[in-house]
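In what follows, a structure is listed as structure tokens, so that the remarks can point back to it.
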Amino acid sequence: MSRIVTIGAAQLGPIAPDESRASAVNRMIELLKQAGDRGCNFVVFPELALTTFFPRYYEEDISRMDHHFEREMPGPETRPLFEAAAERGIGFYLGYAELTPDGHRYNTAILVDETGKITGKYRKVHLPGHSEYDPKRPWQHLEKRYFEPGDLGFGVWRQHGGIIGMAICNDRRWPETYRVMSLKGAELIVLGYNTPDVNTSAFEPNHLRMFHNHLTMQANAYMNSAFVVGVAKAGMEDGCMLIGGSCIIQPSGEIVSQVSSVDDELITYSADLDLARMGKETVFNFAKHRRIEHYGNITAQTGVELPPELSEAAE
């Protein structure tokens, strides 16, 4: 049985603060049409794909940001995306801001199958940034203000003949993200991101933004023998430049397809999920080679615990 999934990575250009949901959805439907014409059966959209990246703005009363959140999925404005995908038999990943009926706010992604049914949900675990206004920054990064850390863990789902896991943006920088899903058999890990081209919390040479973006995904694709698809919202969004670099990475760690712009752009690749088996059965055969008796501090502590000073050790 063939396990080839033709993947579309559907990068979006900037979304203005006053751009409507309907406009953003129509842009995604246009990318879906292109994906259908190219034979895709699965498309990955970015993080917070329905709105501008609103955590760059400070509001004392966080409820004033609620218009950026979805209270149901699909809702009236997003249903056309589900219908267009189902009409073409295309499953997809979609990132958005979620406001639950009991008032919790999450940075969320969903997995949708080729019939338009939601099959999985993930809520971002590794929230970057800060929670209070910082006057030293040219723009804010207030994810810790507007979102709670995800409460669903790193799940995986059987879809398109394989095992798919989800992550969001900053999650891609943490090796635990990929390893937890790989321990559940993940063969394809998909994620969206909105990443500024300037680090506002500390000095960082500009070229490292894209280098680290790709480095984290490529290294973890290799170390977990899985395909990784990272898809950006990109371009100059209300004065903040977001990097593009959307790409599809195979289990060897090699980028096999990458965008050439910071606009709406679709790239595709026919991924043979059986390629994930080689690493999983050899160098990264977890059952044969992992030594969990030495990994306890990974889950037992959060911050660094330094070894004793030399003078103390000598006593």
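Count residues from 1 along the sequence.
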Looking only at non-hydrogen atoms, find the nearest pair between [X] and [Y] and report the distance.
X: G235; Y: P14; value: CA-CD, 4.0 Å
X: T6; Y: G39; value: CB-O, 3.5 Å
X: D197; Y: R209; value: O-CG, 3.3 Å
X: R179; Y: M223; value: NH2-O, 3.1 Å
X: N213; Y: R173; value: N-NH1, 4.5 Å
X: A234; Y: G244; value: CB-CA, 3.6 Å

- Stepwise side-chain contact (heavy atoms from CB on, under 4.5 Å) check, Q140 with Y133: CA-CA 7 Å; Q140 305 298 299; Y133 182 77; 3.5 Å; yes
Report yes if some heavy atom in the side chain of [X] is under 4.5 Å from a heavy atom in the side chain of [Y]; otherwise report no.
X: N220; Y: P175; value: yes
X: M217; Y: H214; value: yes
X: L183; Y: R290; value: yes
X: L31; Y: L12; value: yes
X: I255; Y: Q250; value: no
X: I249; Y: E254; value: no
X: P55; Y: K144; value: no
X: S261; Y: Q11; value: yes

[Y] backbone acceptor or donor facing [X] side chain under 3.5 Å:
X: N297; Y: Q301; result: no
X: Q159; Y: V112; result: yes
X: R123; Y: G150; result: no
X: N285; Y: K288; result: yes
X: N224; Y: A226; result: no
X: S257; Y: C247; result: no
X: S246; Y: A232; result: yes
X: S20; Y: S23; result: yes
X: H130; Y: E132; result: yes

- Can you tell which of L152, I110, L111, I168 makes a side chain to side chain contact (heavy atoms under 4.5 Å, CB included) with Y122?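 Only match with Y122 under side chain to side chain contact (heavy atoms under 4.5 Å, CB included): I168.
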- Query: How far apart are the C-alpha atoms of T195 and L242, what are their side-chain angles, what is the distance that settles it, and do they pass the side-chain contact (heavy atoms from CB on, under 4.5 Å) test?
  - Reply: CA-CA 5 Å; T195 299; L242 300 174; 5.9 Å; no
If you measure from the Lys or Arg side-chain nitrogens to the Asp or Glu carboxylate oxygens, is any gap between [X] and [Y] under 4.0 Å?
X: R64; Y: D61; value: no
X: R105; Y: E98; value: no
X: E59; Y: R145; value: no

Quick one: which residue pairs count as a ring-ring contact (aromatic ring centres under 6.0 Å, His included) with a foot in [range], not counting sequence neighbours?
range: residues 237-296; result: Y222-F284
range: residues 80-116; result: F82-F92
range: residues 178-205; result: none

Any side-chain donor-acceptor pair under 3.5 Å between [X] and [Y]?
X: E143; Y: H141; value: yes
X: R137; Y: T200; value: yes
X: T282; Y: R277; value: no
X: H126; Y: D171; value: yes
X: Y58; Y: E60; value: yes

- Query: Once you round to the nearest 0.5 Å, how far does CZ of R172 lie from CG of L191?
  - Reply: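 Going from the CZ atom of R172 to the CG atom of L191 covers 7.0 Å.
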- Distance from D18 atom CG to D238 atom CG, nearest 0.5 Å?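 It comes to 8.5 Å.
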Quick check on [X]: does its [atom1] atom have over 12 non-hydrogen neighbours (other residues, nucleotides or ligands) under 6.0 Å away?
X: W139; atom1: CH2; answer: yes
X: R158; atom1: CZ; answer: no
X: M236; atom1: CE; answer: yes

- Which residue pairs pass the side chain to side chain donor-acceptor pair (under 3.5 Å) test with at least one member in residues 70-84, sequence neighbours excluded?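 Found R21-E70.
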- Looking at residues at least two apart in the chain, or sitting in another chain, which of them share a side chain to side chain contact (heavy atoms under 4.5 Å, CB included) with P80?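 P80: side chain to side chain contact (heavy atoms under 4.5 Å, CB included) contacts with V25, I29.
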Residues 42-54, side-chain donor-acceptor partners within the protein, below 3.5 Å, at least two apart:
unit_1 : atom_1 : unit_2 : atom_2 : d
E47    : OE1    : N194   : N      : 2.9
E47    : OE2    : N107   : ND2    : 2.8
E47    : OE2    : K124   : NZ     : 3.0
T52    : OG1    : I15    : O      : 2.9
T52    : OG1    : R56    : NH1    : 3.2
T52    : OG1    : E237   : OE1    : 3.1

- Kindly determine whether E187 and K280 satisfy salt bridge (Lys or Arg N to Asp or Glu O under 4.0 Å), including the steps that lead there. CA-CA 9 Å; E187 299 165 306; K280 293 181 185 298; over 6 Å; no
- Message: Show, in sequence, the C-alpha distance, side-chain angles and deciding distance for M181 and M166, and conclude whether the side-chain contact (heavy atoms from CB on, under 4.5 Å) test is met.
- Response: CA-CA 9 Å; M181 286 187 277; M166 293 188 283; 5.6 Å; no
- Message: Walk me through whether L266 and R38 qualify under side-chain contact (heavy atoms from CB on, under 4.5 Å).
- Response: CA-CA 10 Å; L266 179 77; R38 298 191 205 176; 3.9 Å; yes
